[in-house]
Number of protein chains: 2
Amino acid sequence: MPFDIPQDATFTALADPTRRAILARLAEGQATVAELADPFQISQPAISRHLRVLEKAGLISTRIDAQRRPRQLNPQALAQVATWLTHLAARYEAQYQRLDAVLEDLQSDPTIPEGDMK
Amino acid sequence: MPFDIPQDATFTALADPTRRAILARLAEGQATVAELADPFQISQPAISRHLRVLEKAGLISTRIDAQRRPRQLNPQALAQVATWLTHLAARYEAQYQRLDAVLEDLQSDPTIPEGDMK
DNA sequence: ACTTTATTTAACTCTTAAGTTATATAACAA
DNA sequence: TTGTTATATAACTTAAGAGTTAAATAAAGT
């Protein structure tokens, strides 16, 4: 079962909260740069740059409508990332089922509760 | 159908290729800091910092085994991110099915092929 | 007690990335 | 052609983050 490992640029693109908000907006339907910039306090040029990052990452694509450049989501790119993450989790689960892994666990102390490590 | 929006820290953690490689390694089973540092050229303290980032993001957790601090994957955190991405893609698909969205598409020019935009 | 092993923390450097404003480009409208 | 709308690019500033080495902490081994 081979699956694609997402590009570095894709994860980089997802790391910014403004860009994630843009993706969430585009999930509701295509939108122009002005429409995308509207909900944010940052300048329009800043949004344009975010869009460039998202497009290079393959997460969105651009159409031409006169002077407008409406953007739309590329759902396959999102799905590809989701698949990679899911496979990692599944791989972990598979290992965790193994008897020797369980025994290894019993040998040592329990997990440190969150926040107990300084 | 409510679903959790992953923390900003989680996406930030996933943005670094070394940290993703660490996650991939941990999907094969728990590992100590030294073991995790081994495949990389960077220093062990750098790995420790990556691990701190991953733990704050909820992606891994730490056990105590004498002087060792074996790390293990938190598959739920990965699954949560996957779910968020999948929901975005699904939401897009749902919008895309709508008739008016399709008509809107027909009104304007086709998508710019990748690489044609400077 | 002293040494070794495992890991973390601190202090620092350097690069990258996100924001800004000002200017350029491009299509349309009068 | 001149102006207006929509978006992109350039030049610049600032802050965050990833790396380094050196020193601190902590548990075991001798």
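What you see is a predicted model; the values in this text were computed from it and never measured.
Side-chain proximity of A/Arg71 to C/dT7, D/dA28, D/dA8: nearest is D/dA8. Comparing D/dT7, C/dT9, C/dT7 against the side chain of B/Val33 picks out C/dT7 as the nearest.
The separation between B/Leu51 atom CG and C/dA6 atom P is 16 Å, rounded to whole Å. Nucleotide C/dT7 holds its P atom 13 Å from the CD1 atom of B/Ile22, rounded to whole Å. For the pair A/Leu36 CG and D/dT7 C1', the computed distance is 12 Å after rounding to whole Å. Atom CD of A/Gln67 and atom P of C/dA29 are 7 Å apart (whole Å). Atom CZ of B/Arg69 is separated from atom P of C/dT9 by 10 Å (rounded to the nearest Å). Taking atom CG of residue A/Asp38 and atom P of nucleotide D/dT7, one finds them 12 Å apart after rounding to whole Å. As a whole-Å value, the separation of B/Lys56 NZ from D/dA18 P is 13 Å.
Screening residues 74-91 of chain A for salt bridge (charged side-chain N to carboxylate O under 4.0 Å, His left out) gives A/Arg91-B/Glu28 as the qualifying pairs, with residues at least two apart or on separate chains. Residue pairs meeting the ring pair (Phe, Tyr, Trp, His ring centres under 6.0 Å) criterion with at least one partner in residues 13-49 of chain A, sequence neighbours excluded, are absent.
The only member of A/Arg71, A/Arg52, A/Arg68 that meets side-chain hydrogen bond (donor to acceptor under 3.5 Å, both in side chains) when paired with A/Thr62 is A/Arg71.
Partners of A/Arg49 according to the side-chain hydrogen bond (donor to acceptor under 3.5 Å, both in side chains) rule, which considers only residues two or more places apart in sequence or in another chain, do not exist here. A search for side-chain hydrogen bond (donor to acceptor under 3.5 Å, both in side chains) contacts involving B/Gln44 returns B/Ser48, not counting sequence neighbours. The side-chain hydrogen bond (donor to acceptor under 3.5 Å, both in side chains) check on A/Arg20 picks up B/Asp8, with sequence neighbours excluded.
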What string of B, S and - do you get for nucleotides 17-22 of chain C 5' to 3' if you count protein non-hydrogen atoms under 4.0 Å?
-BBBBB
